[in-house]
Amino acid sequence: LDRTEEPCMVLLSAEECTMYAAVGKNKVIDHGLELLGQSFHLRWSHDHKIVYDTRKNTKPIPQTTPNGSLLLTNLQLNNTGPYQVTIYDNAGKLVLDKTTHLCVLLPVSKPRLTHTCTDASVSLRCDVGNSVDVNVVWSRNRQTLTGSTDKTLTITKAMLKSVDLYVCTVSNKASEEKSDDVNPECAEDSSSTVLLFGMKLWLMVAILAGGGSLLLILFIITLVCVCVCVCGGGGVTITTPVVTQWFKL
């Protein structure tokens, strides 16, 4: 549909609209009176053009309810405009003259919810596609998060629980759509993905720390073995000079 043809933008301002409906939906414009079983002259007009009259041959569409309210089906943008109803009694006396301003809007698209993990927080984005002038409401575990109306919601990882399900709901004055439930899990902190020589930083640090400890242990074991061997071959009295000589080598 070409939005340049939207009559709501031409005929009515947002302040003038008293009723809203979405493209493709049905809508009943009620005159507010109880006319069942009574004989009245009923006339409906759209933008000053008669669309239904009980005393004239009018097209079957639009139709009326049994009570005489106007029934509009498969609404399109050009159905926007003022709808006037006039009702006269059998003596020709005016009983009702009422105007309802209907604005037909494009329905909102179903939003797509995605998330991005950082070191300390998670950002959820509600993608509304081509929908414009929409309201956004966030909920966690079916509970509305008050005060959160932006298309992006940021939460700290300290607040994030593994069972939490997030949903964003978008709406305009004629329609509403919800995203699928999303559990924004983060597999690991981004800091853990820093690489050093092709290996994760935390893994490299662990290897280096472990290797240094291993070398120290091997040095101590070697030193003890040398001392034992020297002591076993010549007695305790020659241990000190032999060890000292071994170090000089």
Side-chain angles (χ1 to χ4, degrees), residues 1-111 126 128-137 139 142 144 146 149 167-179:
L1 295 174
D2 186 354
R3 296 187 65 85
T4 60
E5 299 178 357
E6 185 176 349
C8 186
M9 301 298 293
V10 177
L11 299 176
L12 298 176
S13 65
E15 292 77 12
E16 292 178 301
C17 297
T18 56
M19 181 179 292
Y20 295 88
V23 169
K25 300 296 184 180
N26 301 336
K27 193 70 176 181
V28 173
I29 302 180
D30 191 3
H31 51 63
L33 297 181
E34 182 60 57
L35 300 179
L36 291 175
Q38 302 180 54
S39 177
F40 286 92
H41 177 199
L42 174 67
R43 177 189 297 159
W44 281 97
S45 62
H46 174 221
D47 197 18
H48 308 294
K49 182 184 295 186
I50 296 175
V51 294
Y52 185 88
D53 194 322
T54 55
R55 295 188 178 180
K56 294 182 179 180
N57 294 326
T58 56
K59 296 181 180 180
I61 298 176
Q63 302 175 351
T64 61
T65 67
N67 189 42
S69 296
L70 190 64
L71 174 61
L72 303 175
T73 60
N74 190 26
L75 285 166
Q76 301 301 314
L77 295 176
N78 59 11
N79 291 123
T80 291
Y83 287 82
Q84 181 182 19
V85 57
T86 54
I87 302 177
Y88 300 86
D89 62 18
N90 292 330
K93 180 181 178 181
L94 180 64
V95 177
L96 179 68
D97 186 350
K98 178 182 178 182
T99 300
T100 300
H101 297 279
L102 174 67
C103 280
V104 181
L105 306 178
L106 292 172
V108 297
S109 303
K110 181 176 180 177
C126 188
V128 299
N130 295 326
S131 300
V132 295
D133 297 329
V134 297
N135 299 316
V136 179
V137 175
S139 62
R142 309 301 179 187
T144 300
T146 58
T149 58
V167 172
C168 68
T169 302
V170 297
S171 63
N172 59 19
K173 293 183 178 181
S175 60
E176 177 180 288
E177 288 286 347
K178 291 184 178 181
S179 70

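Residue numbers run from 1 in the order of the sequence given.
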Under a 3.5 Å distance rule, please check whether [X] uses its side chain to pair with a backbone N or O of [Y] as donor and acceptor.
X: Thr73; Y: Asn26; result: no
X: Asn67; Y: Ser69; result: no
X: Asn172; Y: Leu106; result: yes
X: Thr169; Y: Lys178; result: no
X: Ser131; Y: Ser109; result: yes

- Note on the structure: Heavy-atom closest pair (Asn74 atom, Gly24 atom, distance to 0.1 Å) is OD1-CA, 3.6 Å

- Query: What's the shortest heavy-atom distance between Lys27 and Tyr20, and which atoms?
  - Reply: NZ-O, 3.4 Å

- Message: Checking Leu102 against Leu72 for the side-chain contact (heavy atoms from CB on, under 4.5 Å) test, could you report, in this order, the C-alpha distance in whole Å, the side-chain angles of both residues, the deciding distance, and whether it holds?
- Response: CA-CA 11 Å; Leu102 174 67; Leu72 303 175; 3.8 Å; yes

Just so I know, are the side chains of [X] and [Y] near enough to count as touching, which here means a heavy-atom distance under 4.5 Å?
X: Gln63; Y: Tyr52; result: no
X: Pro107; Y: Val23; result: yes
X: Ile50; Y: Lys56; result: yes
X: Val95; Y: Tyr88; result: no

- Item | Option from Pro111, Ser175, Ser179 for which side-chain contact (heavy atoms from CB on, under 4.5 Å) with Val170 holds | Pro111

- Reference residue Val85; test side-chain contact (heavy atoms from CB on, under 4.5 Å); the match among Leu42, Thr100, Ile29, Leu70: Leu42

About how many Å separate [atom2] of [Y] and [atom1] of [X], when rounded to the nearest 0.5 Å?
X: Cys103; Y: Leu77; atom1: SG; atom2: CG; answer: 10.5 Å
X: Leu75; Y: Thr80; atom1: CG; atom2: OG1; answer: 8.5 Å
X: Thr54; Y: Phe40; atom1: OG1; atom2: CZ; answer: 11.0 Å

- For Asp97, side chain to side chain contact (heavy atoms under 4.5 Å, CB included) partners two or more places apart: Gln84, Thr86, Leu94

- Item | For Ser171, all residues meeting side chain to side chain contact (heavy atoms under 4.5 Å, CB included), sequence neighbours excluded | Asn135, Glu176

- Hey, which of His46, His48, His101 is the one that makes ring pair (Phe, Tyr, Trp, His ring centres under 6.0 Å) with Tyr83? His46

- Message: For a quick check under 3.5 Å, do Asn90 and His41 share a side-chain donor-acceptor pair by atom type?
- Response: no

- Step by step, work out the side-chain contact (heavy atoms from CB on, under 4.5 Å) result for Val137 and Thr149. CA-CA 5 Å; Val137 175; Thr149 58; 5.8 Å; no

- Item | side-chain contact (heavy atoms from CB on, under 4.5 Å) between Leu71 and Thr64, intermediate numbers included | CA-CA 5 Å; Leu71 174 61; Thr64 61; 6.0 Å; no

